[in-house]
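Notes follow once the structure below has been shown.
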Amino acid sequence: RGIGLSGSALTSTAGVDAIFWNPANIARSSNSTDLVFSQMSYIADIGVTYGGIAVNVEGFGAIAFDIKSLSFGDIIKTTVANPDGTGITYSPQYVTLGLSYSRMLSDRISVGLTADLVSETIDRVSATGVAFSAGVTYTNLANVDGLSFAIVLKNLGPQMQFGGSGLYVSAEASDLNLGEQFYKVEAASFELPSALEIGFGYDIKVAEQNDLLLSASFQNNNFDADKYKIGAEYNFKNLLYLRGGYTFAPELSSDERVYSFTVGGGVQYIVGGVDFKLDYAYQDTKYFDGNNVFTLSLGL
């Protein structure tokens, strides 16, 4: 759903769907338990698998757990002596584990915090780090029914650094009479791609059982240009949803803008007290095939 709105849905997500976009909204779910599973076909044969669960505890708040894994497939290993491949393959493993807490401070204000354990492994080197995300959401802003505001800080944390046996190289020091032996290459540390996002949402009652959600957000990135995102969602009887969005990056040239428009939709149906949601989103991607995302959500 969030991708179908081009990532502008900082105010309108709820429950487990809010973990990635704005942890402050986890506590806004009407269900006691939410579960989600999604699969994304990303660029260059990369797949992204995501799952999460959120539980609302009365008088305490909401606790959520999520896991994200990137699949790169098998990559042919090359060396200086064998630039066309050694016949051996490897597969990088990128996994993020998250634990979140969210609470309603009043009937209008909610806050949330997420701690992520980030693990990246490439062949015989790996890096591990911790990142924090925090958000605040305010609904019925200025006493305007349906108008919401949110601010989110994402991926703040210490620098990461790769290490492992893959960084050892065989060499001979010219100033020492030790012969050839193994020396460790010290990898450079690197910062996490953090961001500050500010968003607005306005939910309009078009007609009986027909709603229109308009959303917009501004994203400031430490390793990328600033982005402006807009999105719209049409809701018919809380059963059928149609979505669209667009991302603007005025600081980038047309050749540097990888993402632009998104479209999507979903259906929601309650069976035996279980709230089923099935969503799809398509994100146009320059130079690569577009991203296709499928999500199944359950509310109990």
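Because the structure is a prediction, the values reported are computed rather than measured.
In the hydrophobic cluster analysis, where Ile, Leu, Val, Met, Phe, Trp and Tyr join through side-chain heavy atoms closer than 4.5 angstrom, Leu35 is grouped together with Ile67. Grouping the Ile, Leu, Val, Met, Phe, Trp and Tyr side chains by contacts below 4.5 angstrom, directly or via other members, places Leu240 apart from Ile204. Hydrophobic cluster membership is shared by Phe72 and Val48, with clusters built from Ile, Leu, Val, Met, Phe, Trp and Tyr side chains linked at under 4.5 angstrom. Residues Leu296 and Tyr282 are members of separate hydrophobic clusters, defined by side-chain heavy-atom contacts under 4.5 angstrom among Ile, Leu, Val, Met, Phe, Trp and Tyr. Note: the hydrophobic cluster containing Phe288 also contains Val293 (ILVMFWY, side chain heavy atoms under 4.5 Å, direct or indirect links).
Lys286 contributes a side-chain N or O that, together with a main-chain N or O of Ser254, makes up a donor-acceptor pair within less than 3.5 Å. Here the side chain of Arg28 pairs no donor or acceptor atom with the backbone of Thr13 at under 3.5 angstrom. Side-chain atoms of Ser110 come within 3.5 Å of backbone N or O of Ala24 as a donor-acceptor pair. Under a 3.5 Å cut-off, the side chain of Thr128 and the backbone N or O of Ser119 do not form any donor-acceptor pair. Formation of a donor-acceptor pair under 3.5 Å by the Asn220 side chain with backbone atoms of Leu196 is not found in this model. The backbone N or O of Ser217 lies less than 3.5 Å from no partner atom in the side chain of Ser8, so there is not a single donor-acceptor pair. In this structure, the side chain of Asp275 does not engage the main chain of Leu300 through any donor-acceptor pair within 3.5 Å. One N or O on the side chain of Thr262 and one on the backbone of Gly4 form a donor-acceptor pair closer than 3.5 Å. Looking only at distances, a side-chain donor or acceptor of Ser102 sits under 3.5 Å from a matching main-chain atom of Pro23. At distances below 3.5 Å, not a single donor-acceptor pair connects side-chain atoms of Asn155 with backbone N or O atoms of Ala195.
Nearest heavy atom pair, residue Thr86 against residue Thr79, reads CG2-CG2, 3.8 Å. Nearest heavy-atom pair, Gly266 versus Asp279, reported as atom, atom and distance to 0.1 Å: CA-OD1, 3.3 Å. The two residues Asp34 and Gly299 have their closest heavy-atom pair at OD1-CA, 3.6 Å. Smallest separation of non-hydrogen atoms from Ser148 and Thr11: CB-CB, 3.7 Å. Looking at every heavy atom in both residues, Gly85 comes nearest to Ile76 through CA-CG2, 3.7 Å. Shortest non-hydrogen contact noted between Pro83 and Thr78 is O-CG2, 3.4 Å.
Residues Ile43 and Tyr287 fail the side-chain proximity criterion, which asks for heavy atoms closer than 4.5 Å. Using a 4.5 Å cut-off on side-chain heavy atoms (C-beta onward), Thr49 and Gln39 make contact. Here the side chains of Phe65 and Ile19 are not in contact, with every heavy-atom distance at 4.5 Å or above. No side-chain heavy atom of Ile270 sits less than 4.5 Å from a side-chain heavy atom of Phe276. The shortest distance between side-chain heavy atoms of Tyr94 and Val118 does not fall below 4.5 Å. A 4.5 Å side-chain heavy-atom check between Phe223 and Glu191 finds at least one atom pair inside the cut-off. In this structure, Thr137 and Asn22 have side chains that are in contact, with non-hydrogen atoms separated by less than 4.5 Å. Contact of the Tyr42 side chain with the Leu70 side chain is not registered, since no non-hydrogen atoms from C-beta on lie closer than 4.5 Å.
To the nearest 0.5 Å, the span separating NZ on Lys277 from CG on Asn238 amounts to 9.0 Å. How far CG of Asp226 is from CG of Asn221: 7.0 Å, rounded to the nearest 0.5 Å. Atom CH2 of Trp21 is separated from atom CD of Glu197 by 8.0 Å, given to the nearest 0.5 angstrom. Interatomic distance, Lys77 NZ to Tyr90 OH, rounded to the nearest 0.5 Å: 8.5 Å. Taken from CG in Asp17 to CZ in Arg1, the straight-line distance is 7.5 Å, to the nearest 0.5 Å. The CE atom of Met40 sits 13.5 Å away from the OG atom of Ser71 when rounded to the nearest 0.5 Å.
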**OP:** Determine, stepwise, if the pair Leu213 / Asn235 fulfils side-chain contact (heavy atoms from CB on, under 4.5 Å).
**Re:** CA-CA 8 Å; Leu213 170 69; Asn235 172 6; over 6 Å; no
Original post:
side-chain contact (heavy atoms from CB on, under 4.5 Å) between Tyr241 and Val267: does it pass, once the steps are laid out?
Top reply: CA-CA 6 Å; Tyr241 298 84; Val267 291; over 6 Å; no
**OP:** Apply the test side-chain contact (heavy atoms from CB on, under 4.5 Å) to residues Tyr138 and Val136: give CA-CA distance (whole Å), side-chain angles for both, the deciding distance (0.1 Å), then the verdict.
**Re:** CA-CA 7 Å; Tyr138 191 107; Val136 178; 5.7 Å; no
**OP:** Dump the intermediate steps for side-chain contact (heavy atoms from CB on, under 4.5 Å) on Arg108 and Asn143, then the final yes or no.
**Re:** CA-CA 10 Å; Arg108 295 187 180 188; Asn143 291 323; 2.7 Å; yes
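Atom CG of Asp224 has more than 12 neighbouring heavy atoms from other residues, nucleotides or ligands inside a 6.0 Å radius. Residue Asn210 places its CG atom among more than 12 non-hydrogen atoms of other residues, nucleotides or ligands, all under 6.0 Å distant. Heavy-atom neighbours of Asp145 CG from other residues, nucleotides or ligands within 6.0 Å: at or below the threshold of 12. Shown here is Tyr168, whose OH atom has no more than 12 heavy atoms of other residues, nucleotides or ligands within 6.0 Å.
Aromatic ring orientation, Phe190 versus Phe162: parallel (interplanar angle below 30°, classes split at 30° and 60°).
Residues Ser100 and Thr114 bring a donor and an acceptor atom of their side chains to less than 3.5 Å of each other. Side-chain contact of Ser41 with Asn292: a donor-acceptor pair under 3.5 Å is absent, judged by distance alone. In the model, Tyr259 has no side-chain atom that pairs as donor or acceptor with a side-chain atom of Gln283 under 3.5 Å.
Between Lys68 and Asp116, no side-chain nitrogen of the basic residue sits less than 4.0 Å from a carboxylate oxygen of the acidic one, so the salt-bridge criterion is not met.
Between Phe60 and Tyr101, the gap from one ring centroid to the other is short of 6.0 Å. For Phe248 and Tyr246, the gap between ring centers is short of 6.0 Å.
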